[in-house]
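Just below is one structure, and these are the notes that go with it.
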Protein chains: 2
Amino acid sequence: MANGKPTLRDVAAAAGVSPMTASNALHGKAGVKESTRAKVLAAAERLDYRINLTASMLKSGRSNIIHIIVNEFDSPFYSKLVQALATATTERGLTPFVEQTRYSPTAAERALTSNPFSDQLFDGEIIHASGLGTNLPLARMNSGRPLVLIDGCEETPSVDTVNFPNEEGARAAVQHLIERGCRHIAIVGGEFVPRATLAHVEHSYGLRLRGASGALLDSGLAYDESIMFYGYNSDDGIKAGHAIGDAILAARAANGVDHADEPVDGPASHHDSASASEEFPVHAETAFDGVFCANDYAAFGVIRGLKDRGLRVPDDVKVIGIDGTSFGAYSTPTLSTIQVDLDQLAQFALDMITRRIERRNAAGTGESADVSAAAPDQPVRATIGYRLMARESTAA
Amino acid sequence: MANGKPTLRDVAAAAGVSPMTASNALHGKAGVKESTRAKVLAAAERLDYRINLTASMLKSGRSNIIHIIVNEFDSPFYSKLVQALATATTERGLTPFVEQTRYSPTAAERALTSNPFSDQLFDGEIIHASGLGTNLPLARMNSGRPLVLIDGCEETPSVDTVNFPNEEGARAAVQHLIERGCRHIAIVGGEFVPRATLAHVEHSYGLRLRGASGALLDSGLAYDESIMFYGYNSDDGIKAGHAIGDAILAARAANGVDHADEPVDGPASHHDSASASEEFPVHAETAFDGVFCANDYAAFGVIRGLKDRGLRVPDDVKVIGIDGTSFGAYSTPTLSTIQVDLDQLAQFALDMITRRIERRNAAGTGESADVSAAAPDQPVRATIGYRLMARESTAA
DNA sequence: CTGAAAGCGCTAACAA
DNA sequence: TTGTTAGCGCTTTCAG
């Protein structure tokens with residue numbers, strides 16, 4: 001106290017009790033007389049006492065801090081995810097500690113392993129899987145701390161996991177395009193994966209592709225390399241939009257269409273976007289009338305890129321995304337998308353992690369009987385819900 | 001070691017030195033023989049040793065953690081700000097701890113004061129001012145810890161501050177509209193503030209308004225209550241867009257009707273948009289041809305709202321924002337804006353905070369002579385640069 | 001229901 | 001250049 005902040009000793013002294021009793025009173029532990037507790041609380045208030053968390057953590061090994069690991073802050077998807085997780089964490093009386101990996105797998109691995117905080121400072125971790133290599137021994141990497149994986153997409157989960165409705169959502173999105181009359185549908189995302197290979201995939205893009213291709217094939221539409229365009233973020237998306245637009249214009253020219261209102265630079269602009277043609281060497285001259293983007297972020301770019309080619313959304317081409325980022329409601333046109341419930345996701349993730357933390361604490365308390373009696377610690381899996389948001393970008 | 005993690009003792013023992021020497025070696029302190037250091041490092045590596053930060057912090061009182069406080073994660077502005085600050089913090093070997101207040105002033109105050117972490121766990125704090133009450137005794141609130149205020153806008157700063165170019169940026173934005181031919185310019189932001197009152201303002205919106213109104217008045221254009229519309233985020237922005245659109249349509253109708261029936265005193269204004277008329281009781285039927293939005297987030301909504309009324313941007317109305325959020329480059333139309341350099345901001349903020357931290361540490365080391373000799377600890381202020389990004393939303 | 005003793009793992013200060 | 005001593009502020013343990 002002499003030099004600065006009051007300590008627990010000071011509070012105890014002021015209340016006329018021992019430090020231990022003061023500690024128990026402040027933590028609301030049972031077995032402290034009400035009058036004693038009141039005295040302690042009053043003393044703490046009077047002295048403006050704040051617990052020293054470093055000391056508390058050092059001794060107890062618990063921090064109430066949850067480590068949240070994502071790729072970045074500044075994207076429509078991650079900013080929403082982080083907000084949902086951080087808010088849910090706070091609501092449970094825990095403290096969220098958010099770390100960004102900037103899409104570096106080594107940074108992600110370091111966050112889980114070498115980060116000196118991890119071992120002592122975090123009670124548990126929630127990590128968004130994309131960016132991690134697959135088939136990592138995650139549970140071992142973080143030395144057995146409570147861990148929840150978001151969108152891990154493992155067929156047999158090795159740790160507690162909350163998955164997005166990747167396959168179902170993508171299927172619903174493509175079906176929506178088909179119902180809106182689209183018959184030539186492009187997919188913007190990663191590489192083409194043959195249908196057979198999609199039988200066993202363990203990452204979100206593969207699952208989305210499985211859902212999307214399934215919907216196409218079910219309706220007798222094409223699913224092959226000629227409909228694939230690269231694009232994960234808005235920059236890529238613009239290029240994809242250009243490439244798709246070029247294909248459409250080329251098809252129109254080939255058909256000898258003579259729309260008066262057609263943009264002049266249109267005819268057979270054989271992939272004037274160099275980068276696009278590098279990414280995808282061969283694209284049929286297809287009059288695409290619909291685009292499914294594997295995420296919203298890319299979708300915004302695609303719409304932009306189509307516009308650059310004089311093509312209107314939804315009049316010429318309909319576009320749908322998946323994720324339900326906040327911005328889709330304000331963009332022009334508003335973006336049709338698969339809205340996933342990130343608040344539900346956050347609740348699931350926190351249910352899982354708090355359950356794991358409690359169980360671990362209980363085990364530490366020597367209630368081994370209880371633990372062995374309980375179900376073995378199998379990894380749990382949940383998949384969150386989704387809603388199709390039909391907005392302007394797919395309007396009739 | 002017995003039960004779990006290796007401790008510094010274990011490393012020291014394995015290397016055949018004392019714990020203190022091991023500590024010094026691991027921290028790269030001078031005065032350790034190279035061969036000794038190598039032995040220690042090898043032992044640490046072999047044992048997979050990780051420092052226990054809680055113990056380190058408890059003893060040393062230092063953490064290398066910087067507390068970053070913002071209103072939220074999921075907005076285009078804050079996601080970009082947080083990313084810039086977090087990245088810059090990491091680049092300097094410090095650890096960013098980001099906290100959101102959800103626009104609650106009490107949460108902000110708590111983050112600075114009662115948060116038990118604050119006192120012991122953070123070496124310094126960077127806080128985005130908006131959401132704080134003005135004229136708070138900030139320096140005292142965080143008990144003298146190193147503190148940097150972002151966009152504090154105090155006329156006489158009480159703590160180190162990095163400001164946005166609010167006034168200059170807003171002025172440039174409005175001048176740009178004028179140069180593009182706009183003569184009836186609406187402002188979307190907060191309340192109307194009379195020009196005289198703007199002489200002394202201490203928050204970013206007031207400064208933006210000062211810059212915008214200055215540009216209007218310099219060109220002989222109107223600055224009064226009739227051009228103000230409420231809107232800080234995209235939802236508000238949509239409403240503002242509706243109201244502005246209604247005013248334009250009403251003006252067009254009035255002009256059409258003017259010659260026929262109603263010679264002199266025009267019809268009382270009919271505001272068909274209920275919400276708009278609630279927010280702003282009186283809006284002249286003005287054929288607005290330009291809109292300055294006090295931030296980008298609102299601008300996206302305004303464009304959306306104008307579109308809802310059948311008005312095209314930039315053909316019918318030109319729109320400009322301020323902030324330079326990432327999304328403006330991908331939206332349709334792309335958004336003209338004042339791009340502020342958030343990376344520069346982050347560098348400034350970290351320069352200031354590390355300087356303060358170092359100075360404090362030096363003082364602790366008893367180098368009081370140095371400190372008293374140095375300049376007194378006056379708060380520093382910096383203002384970051386900006387660039388006018390003329391994009392589609394203000395195209396000729 | 002309350003208190004006394006001990007020590008978490010590290011590092012500042014000083015001694016050798 | 002290295003080692004020894006002491007203790008940061010709290011909480012676990014166990015005795016009263």
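By convention in this document, chain letters (A, B, ...) are assigned in the order of the sequence lines, proteins followed by strands, and residues within each chain are numbered from 1. Atom set for the values below is all heavy atoms of this structure, side chains included, hydrogens, waters and symmetry mates excluded. Remember, it's a predicted structure, so these values are computed and weren't measured experimentally.
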A/Arg92: what forms a salt bridge (charged side-chain N to carboxylate O under 4.0 Å, His left out) with it, not counting sequence neighbours?
A/Asp351

Going by the rule salt bridge (charged side-chain N to carboxylate O under 4.0 Å, His left out), which residues pair with A/Asp151 if we only count those two or more places apart in sequence or in a different chain?
none

Are OP1 or OP2 of [N] and a side-chain N or O of [X] less than 4.0 angstrom apart?
| X | N | value |
| --- | --- | --- |
| B/Tyr49 | C/dG9 | no |
| A/Ser18 | C/dT2 | no |
| B/His27 | C/dC10 | no |
| A/Ser23 | D/dC10 | no |

Tell me the bend of the helix from C/dC1-D/dG16 to C/dA16-D/dT1 as the angle between end helix axes, each from five pairs, rounded to the nearest 10 degrees.
30°

Are the side chain of B/Thr161 and the backbone N or O of B/Asn163 linked by a donor-acceptor pair below 3.5 Å?
no

Pair A/Thr354, A/Glu358: side-chain N/O donor-acceptor within cut-off below 3.5 Å
no

Side chain to side chain contact (heavy atoms under 4.5 Å, CB included) involving [X] - partner list, sequence neighbours excluded:
| X | answer |
| --- | --- |
| A/Arg102 | A/Gln100, B/Gln83, B/Thr87 |
| A/Ala88 | A/Ala346, A/Gln347, A/Leu350 |
| A/Thr54 | A/Asn52, B/Met57, B/Leu58, B/Gln120, B/Leu121 |

Within a radius of less than 6.0 Å around CZ of B/Arg9, do more than 12 heavy atoms belonging to other residues, nucleotides or ligands occur?
no

Rounded to whole Å, how long is the line connecting atom [atom1] of [X] with atom [atom2] of [N]?
| X | N | atom1 | atom2 | value |
| --- | --- | --- | --- | --- |
| A/Leu58 | D/dT11 | CG | P | 11 Å |
| A/Arg9 | C/dA6 | CZ | C1' | 12 Å |
| A/Leu47 | D/dG9 | CG | P | 15 Å |
| B/Asn24 | D/dT1 | CG | P | 12 Å |
| B/Leu8 | C/dT11 | CG | P | 7 Å |
| B/Leu26 | C/dG9 | CG | P | 16 Å |
| B/Leu53 | C/dG9 | CG | C1' | 11 Å |

Tabulated below should be each protein N or O lying under 3.5 Å from an N or O of nucleotides 5-7 of chain D; please produce it.
unit_1 : atom_1 : unit_2  : atom_2 : d
D/dG7  : N2     : B/Lys59 : NZ     : 3.3
D/dG7  : N3     : B/Lys59 : NZ     : 3.4

Just distance, no hydrogens or angles: give the donor-acceptor pairs under 3.5 Å from side chains in residues 23-30 of chain B, sequence neighbours left out.
unit_1  : atom_1 : unit_2  : atom_2 : d
B/Asn24 : ND2    : B/Met20 : O      : 3.4

What residues, two or more places apart in sequence or in another chain, satisfy side-chain hydrogen bond (donor to acceptor under 3.5 Å, both in side chains) together with A/Asn64?
none

Partners of B/Glu45 by side-chain hydrogen bond (donor to acceptor under 3.5 Å, both in side chains), sequence neighbours excluded?
none

By nearest atom, which of the nucleotides [options] is closest to the [X] side chain?
| X | options | result |
| --- | --- | --- |
| A/Ile51 | C/dG9, D/dT11, C/dT11 | D/dT11 |
| B/Ser60 | C/dG3, D/dC8, C/dT11 | C/dT11 |
| B/Asn52 | C/dG9, D/dG9, C/dT11 | C/dG9 |

Ring pair (Phe, Tyr, Trp, His ring centres under 6.0 Å) against A/Tyr78, all qualifying residues, sequence neighbours excluded
A/His128

Heavy atom of residues 32-46 of chain B under 4.0 Å from DNA chain D: which residues?
B/Val32, B/Lys33, B/Thr36

